[in-house]
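The structure appears below as structure tokens.
Order of appearance sets the numbers: ligands from 1, and atoms from 1 within every ligand. Treat the numbers as computed from the prediction; the structure is a model and nothing was measured.
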Amino acid sequence: MMNVAKDSLRIDQTRLRADFEALAQIGATRDGGVHRPALGEAHLAARAWFRERAEADGLGFRTDGAGNHSACLACGPPGAPILLLGSHLDSVPRGGRYDGALGVLAALEVLRVVQETGLALPVHLEAIDFTDEEGTLVGLLGSAALAGTLDPDELRQPRGGREVLAAGFARAGLTDESVLGVRRDPATLAGYLELHVEQGARLVDAGVDVGVVTGIVGYCSYRLTFTGQANHAGTTSMAERADAAQGACAFTLRARELVMADYAGGVVNVGDMHFSPGAYNIIPGAVALALEFRSPEAETLDRLEADLLALAREQAATFGLGLEVAWQGRCEPALLDARVQSLIAQAADGLGLSHVSLPSGAGHDAQSLARVCPAGMLFVPSVGGVSHSPDEFTRWADCVNGANVLLQTVLRWARLDSNANLTDEY
Ligand SMILES: [Zn+2]
């Protein structure tokens, strides 16, 4: 087929819409969102639906020991590498319909269009739904397992708790061993592409159609416990108190100032604070807080980590408190492949869509894949920048635009050279 004809190929937006609406019914909440935590009943039902759709369309299907579900199209020569297209069908608790779902359905649609057109590409295509992107259990579980970067410690002490993980694994027929055994040889992967809603307001505010993602922030989390002396709140003078709340709160306020002054592009969040014993008339003897911070660069993340821990120690000393520091996990920042970024931008240009380059402040499966193969990601606008909420919304025209950019990026990737080879550096 001539390139001219390939340039005019588009996804079937009626079929994509029907899929989108059908999927949004699975785990639907009354307020228009979805509740599909990883490996829960609704998530497994969504996966069964995805498998049925793929098989009904005559696509291949595969699943692996981490539960990742894939529709497959053998459109390349025997032994050709696979170009993965994907996202996730799980959601945060009471989340939105677009996060993850749009990327998986657009990937499925790309496979169908290539199949119907009978195109022979230099790569095979696989539309993959990664397990537990959202972190109900571990976060980026399926993609990290596939990339071979999953730390066994994360399964032993998952952030969602071991019981939740064990129950999910039992429902899905997975084990720690099966999950840790799914690494794919990078030589079999041509690369990875993901379409996702932005989950921020930069595209909407700028009136731009498509975001070409340059990199994905890394993040690090700690549980910090400021320890003082629980005592009578009425009879202990202000000067004599070892009040753990003072250290925890001063740290929280100072952390914000530190990041705003010295870390452009970085963010810090204290998302939870637990007071012990926790009563009106007792000076807090201990306050444990959940600290998370993010940066697009590994060196900056390292510096931010050192500065925040130093600040915590300083504030503990200021208020005469002890400090316990418990590391909870780290996800490395990822730079996305410059050549893939350029292909996405060309695809958007070819469709007459405006685009801008931007980093992602949210974590995505693409950061797992970026460690083993050329990976790229594109965003479409989120109205109001709202996400992880039933109010999450992306205009349908933007969803269609994103799916067409995904399709056209695949076709451009495929004609780069006869081997579609971007992989020399991995
Ligand atoms: Zn997502």
Check: Asp99/His88 side-chain N/O donor and acceptor closer than 3.5 Å: yes
Ser221 side chain vs Leu291 backbone, donor-acceptor pair below 3.5 Å: no
Identity of the N, O or S atom of Asp99 lying closest to the Zn ion (ligand 1): OD1
Quick one: angle His196 NE2 - the Zn ion (ligand 1) - His88 NE2, to the nearest 10°? 120°
Aromatic contact between Phe61 and Phe50, with the criterion being ring centroids under 6.0 Å apart: yes or no? no
Nearest heavy-atom neighbours spanning Pro77 and Leu121: CD-O, 3.4 Å
Metal check, the Zn ion (ligand 1) vs His364 N/O/S, cut-off below 2.8 Å: no
